[in-house]
Amino acid sequence: MCYYNGQKVTRAESIRLKGIEKAIKRYNFLNVGVHNGFNYAPCAILIPSANGKDFDIVQAEWGYVPGFVKTRTEANIFRAKYTTLNFKSENLFVKENGDRSMWADAAKNRRCLVLSTGIVESRHVPKIGKKGQELKEMIKYPYQISLKGQEYFYLPGLYNEWLDPETSQFVITVAFGITDSNQVMSQIHNSKKRMPAILTDELAWEWLMEKPSEERLSQIARTQIPSRLLDFCTVDRNYRTTLEATPLDYPELAPIDTAFIDTEELKFNHWPMELEQLSDQKEEMVLAGETIPAYYPPRINKQGDLFS
DNA sequence: CCAGACGTTGTT
DNA sequence: GTCTGG
DNA sequence: CCAGACGTTGTT
DNA sequence: GTCTGG
């Protein structure tokens, strides 16, 4: 799984996908180093534009809420009960038991892309006792993982929307797909060997704009990026309060093994052997004109009462 | 994912 | 330790 | 028929 | 809303 995602596009003035650019400078929710999924914070997603030939960048709450939920209160109750920050890409249309999955309708009709500038996962290392023995207690070392040479990348998302009758806000909620981790991610996220699917621009476009078969959509959602295309570094443990992934070295920590990297078997070999460098050589983002403020959802407990 | 609770009673 | 709520 | 679930994990 | 389990 993956519950911490960065959307800190500080250097680019636009988001590009397959040659199409959209300005982002008016969206102030796009400059966040780490979104905490459990805050259902506003985040940026790409959805197809009305003409079907282009995309729009819109705001969504991270934490998918299914269609039968129509009010903020019901949504909060649902989210308090279920974790819908991610969907298992293996279960995009069909559950393990063969039933149609809860995601199927969105997978067919409401696909989107979740922008990422780096995800955060923790590596669990056993504490060492006084006599050098491994203890059951784990020390957690957070890592930020990103894509070599790219300022941002795309995760396959599913969204849903409802008109909140209380606030007249149009609410979009979103989840992104996770798959088996590759060899590097298995060492970092070693407690649960899962990671988000990371898409090439080609696959992102196909997921967002085309009408692939269920089989093909499942395949795209399960895309497993090769280890050698990932960048990673340890970051400061306070990332959840600062909402920033600040690189920090932990000298006591054994390095991640990358000796295998050229021979890693690619299970879902959608990725080109060499990643084309998109090289966003853009200047510092200049906030100009009117800024669209982020809308933070009200928090409501199980009784439906507001709290801060 | 982390932080915090972790018990009993009564009550429309 | 383990479960739950956010 | 109604009541309840509807998600992700986990495991040596 | 819709499906499943009892």
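Below, chain A is the first sequence line, B the second, and so on; all start at residue 1. All values reported here derive from a predicted model rather than from experimental measurement.
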Student: A/K140 side chain N/O closer than 4.0 Å to the phosphate oxygens (OP1, OP2) of B/dC2?
Tutor: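 True: A/K140 side-chain N/O within range (under 4.0 Å) of B/dC2 OP1/OP2.
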Student: Step through it carefully: locate the ring centre of A/Y154, locate the ring centre of A/W207, and say whether they are under 6.0 Å apart.
Tutor: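 Not close enough - the centres of the two rings lie 6.0 Å or further apart.
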Student: Find the distance between CH2 (A/W162) and OG1 (A/T71) and round it off to the nearest 0.5 Å.
Tutor: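 Rounded to the nearest 0.5 Å, the CH2-OG1 separation comes out at 7.5 Å.
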Student: Using the ring of A/F38 (Phe, Tyr or Trp, six-membered ring only), decide whether A/R240 places NZ or CZ under 6.0 Å from its centre and within 45 degrees of its axis.
Tutor: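 Judged by the rule, A/R240 and A/F38 form no cation-pi pair.
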Student: Any side-chain heavy atom of A/T73 within less than 4.5 Å of one from A/E166?
Tutor: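 Of all side-chain heavy-atom pairs linking A/E166 with A/T73, none is under 4.5 Å.
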Student: Quick test of your reading of the model: are A/D105 and A/R110 salt-bridged, counting only N-O distances below 4.0 Å?
Tutor: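 Yes.
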Student: If you round to the nearest 0.5 Å, how far is CD of A/E90 from OG of A/S218?
Tutor: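 Here the interatomic distance stands at 10.0 Å.
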Student: Does a side-chain N or O from A/Y4 land closer than 4.0 Å to OP1 or OP2 of B/dC1, or not?
Tutor: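 The answer is no; no side-chain N or O of A/Y4 sits under 4.0 Å from OP1 or OP2.
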Student: Classify A/Y64 by what it touches in the nucleic acid, base, sugar-phosphate, or nothing, heavy-atom distance under 4.0 Å.
Tutor: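 It contacts nothing in the nucleic acid.
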Student: For nucleotides B/dT8 and D/dC1, find the distance between their C1' atoms and express it as a whole number of Å.
Tutor: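 37 Å, rounded to whole Å.
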Student: What is the separation between atom CG on A/N97 and atom C1' on D/dC6, rounded to the nearest whole Å?
Tutor: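 Rounded to whole Å, this separation is 12 Å.
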Student: Near DNA chain D, which residues from residues 102-113 of chain A have a heavy atom under 4.0 Å away?
Tutor: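 Those residues are A/M102, A/W103.
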Student: For a 4.0 angstrom threshold against heavy atoms of chain A, report the outermost contacting nucleotides of DNA chain E in 5' to 3' order.
Tutor: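 So the contact region on DNA chain E extends E/dG1 to E/dT4.
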Student: Counting C-beta onward and ignoring hydrogens, is there a side-chain heavy-atom pair between A/E121 and A/M185 closer than 4.5 Å?
Tutor: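 A/E121 vs A/M185: side chains touch.
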Student: For A/Y82 and D/dT8, are the ring centres under 5.5 Å apart with planes inclined under 30°?
Tutor: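 No.
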Student: Taking donor-acceptor contacts at under 3.5 Å, does the side chain of A/T84 reach the base of D/dG7?
Tutor: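 Donor-acceptor pair under 3.5 Å: no.
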Student: Are A/D180 and A/R194 ion-paired here, with the side-chain N under 4.0 Å from a carboxylate O?
Tutor: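 Yes, charged N to carboxylate O under 4.0 Å.
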Student: Report which part of the nucleic acid A/R240 touches: base, sugar-phosphate, or nothing (heavy-atom distance under 4.0 Å, all strands).
Tutor: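 It contacts sugar-phosphate atoms only.
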Student: Roughly how many Å is it from CG in A/N36 to P in B/dA3, rounded to a whole number?
Tutor: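 Answer to the nearest Å: 11 Å.
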Student: Need one value for A/S122: base, sugar-phosphate or nothing, where a base atom within 4.0 Å counts as base even if backbone is also close, heavy atoms only.
Tutor: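 No contact.
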Student: Does A/R79 count as lying over the ring of A/Y40, i.e. NZ or CZ under 6.0 Å from the six-ring centre, within 45 degrees of the axis?
Tutor: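 Here A/R79 passes the 6.0 Å and 45° test against A/Y40.
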Student: How long is the line joining CZ of A/R79 and C1' of D/dG7, in whole Å?
Tutor: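 Result: 13 Å.
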Student: Quickly work out the A/Y3 OH to B/dA3 C1' distance and round it to whole Å.
Tutor: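 Taking OH of A/Y3 and C1' of B/dA3, I get 16 Å after rounding.
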Student: Using a strict cut-off of less than 4.0 Å between a Lys/Arg side-chain nitrogen and an Asp/Glu carboxylate oxygen, indicate whether A/D164 and A/R72 qualify as a salt bridge.
Tutor: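 Answer for the salt bridge query: yes.
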Student: Report the distance from atom CD1 of A/I145 to atom C1' of B/dC1, rounded to the nearest whole Å.
Tutor: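 Between C1' of B/dC1 and CD1 of A/I145: 14 Å.
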Student: When we call it a touch if two heavy atoms are under 4.0 Å apart, what does A/K193 touch: a base, just sugar-phosphate, or nothing?
Tutor: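 Answer is sugar-phosphate: A/K193 comes under 4.0 Å of backbone atoms only.
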Student: In this structure, which stretches of DNA chain B are paired as stems of three or more consecutive Watson-Crick or G-U pairs, both distances less than 3.5 Å?
Tutor: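 Output for stems: B:1-6 with C:1-6.
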Student: To the nearest Å, how far apart are A/I77 CD1 and D/dC6 P?
Tutor: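 The answer, rounded to whole Å, is 16 Å.
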Student: Please classify the nucleic acid contact of A/D99 as base, sugar-phosphate, or nothing, using heavy-atom distances under 4.0 Å.
Tutor: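 Sugar-phosphate, no base atom in range.
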Student: Determine whether the aromatic ring of A/F68 stacks with the base of D/dC6, defined as ring centroids separated by less than 5.5 Å and ring planes inclined by less than 30°.
Tutor: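 So A/F68 counts as stacking on the base.
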Student: Nearest heavy-atom pair of A/N5 and A/L115: which atoms, and what distance?
Tutor: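 Between these two residues, the closest heavy atoms are ND2-O, 3.2 Å.
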Student: Quickly work out the A/H189 NE2 to B/dC1 C1' distance and round it to whole Å.
Tutor: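 Value for this atom pair: 9 Å.
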Student: With a 4.0 Å cut-off on heavy atoms, is A/I178 in touch with a base, just the backbone sugar-phosphate, or nothing at all?
Tutor: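 The answer is sugar-phosphate, as A/I178 gets under 4.0 Å only of primed atoms, P, OP1 or OP2.
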Student: Do NZ/NE/NH1/NH2 and the carboxylate oxygens of A/E214 and A/R100 come within less than 4.0 Å?
Tutor: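 So A/E214 pairs with A/R100 through a salt bridge.
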Student: Supply the atom-to-atom distance A/Y159 OH to A/L113 CG, rounded to the nearest 0.5 angstrom.
Tutor: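 So the gap between those two atoms works out to 11.0 Å.
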